[in-house]
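Report on the following structure.
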There are 2 protein chains.
Amino acid sequence: MDRVDSKIVSLLYENARIPISEMSRNIAMSQPAVTERLRKLEEQGVITAYRAKVDPYKLGLHTMAFVLFKTNTCKDFVAFSESSPEIVDLYRISGEYNFLIKVLSETTESMTRFLEKCNVFGFSTTLIVLSTDFEDRSLLDRDITNYPFP
Amino acid sequence: MDRVDSKIVSLLYENARIPISEMSRNIAMSQPAVTERLRKLEEQGVITAYRAKVDPYKLGLHTMAFVLFKTNTCKDFVAFSESSPEIVDLYRISGEYNFLIKVLSETTESMTRFLEKCNVFGFSTTLIVLSTDFEDRSLLDRDITNYPFP
DNA sequence: GTTGAAAAAACAGAGGA
DNA sequence: TCCTCTGTTTTTTCAAC
């Protein structure tokens, strides 16, 4: 992982559908060399996926919430979460609560119905998202002086 | 937005670098027709971006946290957040706290230093992420009977 | 890491249900 | 309007170095 790799990842973060030929022009390196570097970045697990980012509002998902859980039935809760498409993210956290989930639902009413289903797992606190200032910022636009690069 | 569009978005969620020709074979529609539908999905804002998903651990970012804030200086806090690369997500929420941020930092020590900088904005509660069970689940693998499709 | 040729994909226009 | 067909340009793949 050097500056060229960092540039490749950065370009693919900005636009995952960029042609390799365009990247190769951008960083002044031959196209097969970029292809091989990209293959290694995927193999090493630096790049784990390429995703289209979808606007939830355009799919009718108008309500977002974060929910904190305090539960003893962890295994059951994880199984429930995996089978609930409303739950987009699932984190284990330290502190008073032991789980944090991000939920997307159609309306506040459907969100309420979903939260009622969750009550069996223990105490919870719901944080309704009023607006998103930004989301999913680049991990590469940082001061890279402390990066784990050789 | 019909079933074909839904399939296109779904395929691009699974792999944003899939060739249009492969999608066209998958859904039995000509390549220019898929190209045109994709153009419209982007134009309508259903698809907002294509992103390479990067493993933060592989970049040396070993510590993730969610931080809740109770602040009066909203404008200043947003400006601070925008200029802080550690902050990946920024949400305004309802309830006792008015902001929720997701933070990625190198170590617990660098996270601590960052959190100290945040203290000027008001009261905060930090939730350290111990592990991520899943993140960024598909919005399209739902029961689409209630979808806002014609 | 580079070059160069063959294969594949994307693009742009014409025309049909 | 939405699609298919077709020729041209661009990109990817794969060989050899």
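Numbers restart at 1 for each chain; the letters A, B, ... are given by sequence-line order, proteins then strands.
Rounded to a whole Å, the CD1 atom of B/Ile18 is 15 Å from the C1' atom of C/dA10. Rounding to whole angstrom units, CG of residue B/Asp2 and C1' of D/dT1 are separated by 13 Å. Distance, B/Leu38 CG to D/dC3 C1': 16 Å, rounded to whole Å. Atom CE of B/Met29 and atom C1' of C/dA10 are 17 Å apart (whole Å). Atom P of nucleotide C/dG1 and atom CE of A/Met23 are separated by 14 Å, given to the nearest angstrom. Distance, B/Arg3 CZ to D/dC2 P: 18 Å, rounded to whole Å. Rounded to whole Å, the distance from CG on B/Asp5 to P on D/dT1 is 16 Å. For the pair B/Glu36 CD and C/dA10 P, the computed distance is 15 Å after rounding to whole Å.
The side chain of B/Ile20 lies closest to C/dC11 when the candidates are D/dT12, C/dC11, D/dC3. Comparing D/dT4, C/dG1, C/dA9 by their closest approach to the side chain of B/Ser21 singles out C/dA9. In this structure, of D/dT12, C/dA9, D/dT4, it is D/dT12 that holds the atom nearest to the side chain of A/Pro19. The side chain of B/Pro32 lies closest to D/dT4 when the candidates are D/dT4, D/dT12, C/dA10.
At a threshold of 4.0 angstrom between heavy atoms, the contacts of B/Arg39 with the nucleic acid are absent.
A/Glu36 is listed as a side-chain neighbour of A/Lys40, based on a closest heavy-atom distance under 4.5 Å.
For an aromatic pair to be called close, the ring centres must be under 6.0 Å apart, and B/Phe99 with B/Phe121 fails this.
Close to C/dA9, at under 4.0 Å from its OP1 or OP2, lies no side-chain N or O of A/Arg17. Taking side-chain N and O atoms only, B/Arg37 has a distance below 4.0 Å to OP1 or OP2 of D/dC3. Of the side-chain N and O atoms in A/Ser30, none sit less than 4.0 angstrom from OP1 or OP2 of C/dT3. Between D/dT12 and A/Gln31, a contact under 4.0 Å exists linking OP1 or OP2 to a side-chain N or O.
In this structure, CD in B/Glu14 is found 7.0 Å from CZ in A/Arg51, a value given to the nearest 0.5 Å.
Salt bridge annotation for A/Arg17-B/Glu42: absent, with no cationic side-chain nitrogen under 4.0 angstrom from a carboxylate oxygen.
Taking the six-membered ring where tryptophan is involved, the planes of B/Phe69 and B/Phe77 are tilted, since the angle between them lies from 30° to 60°.
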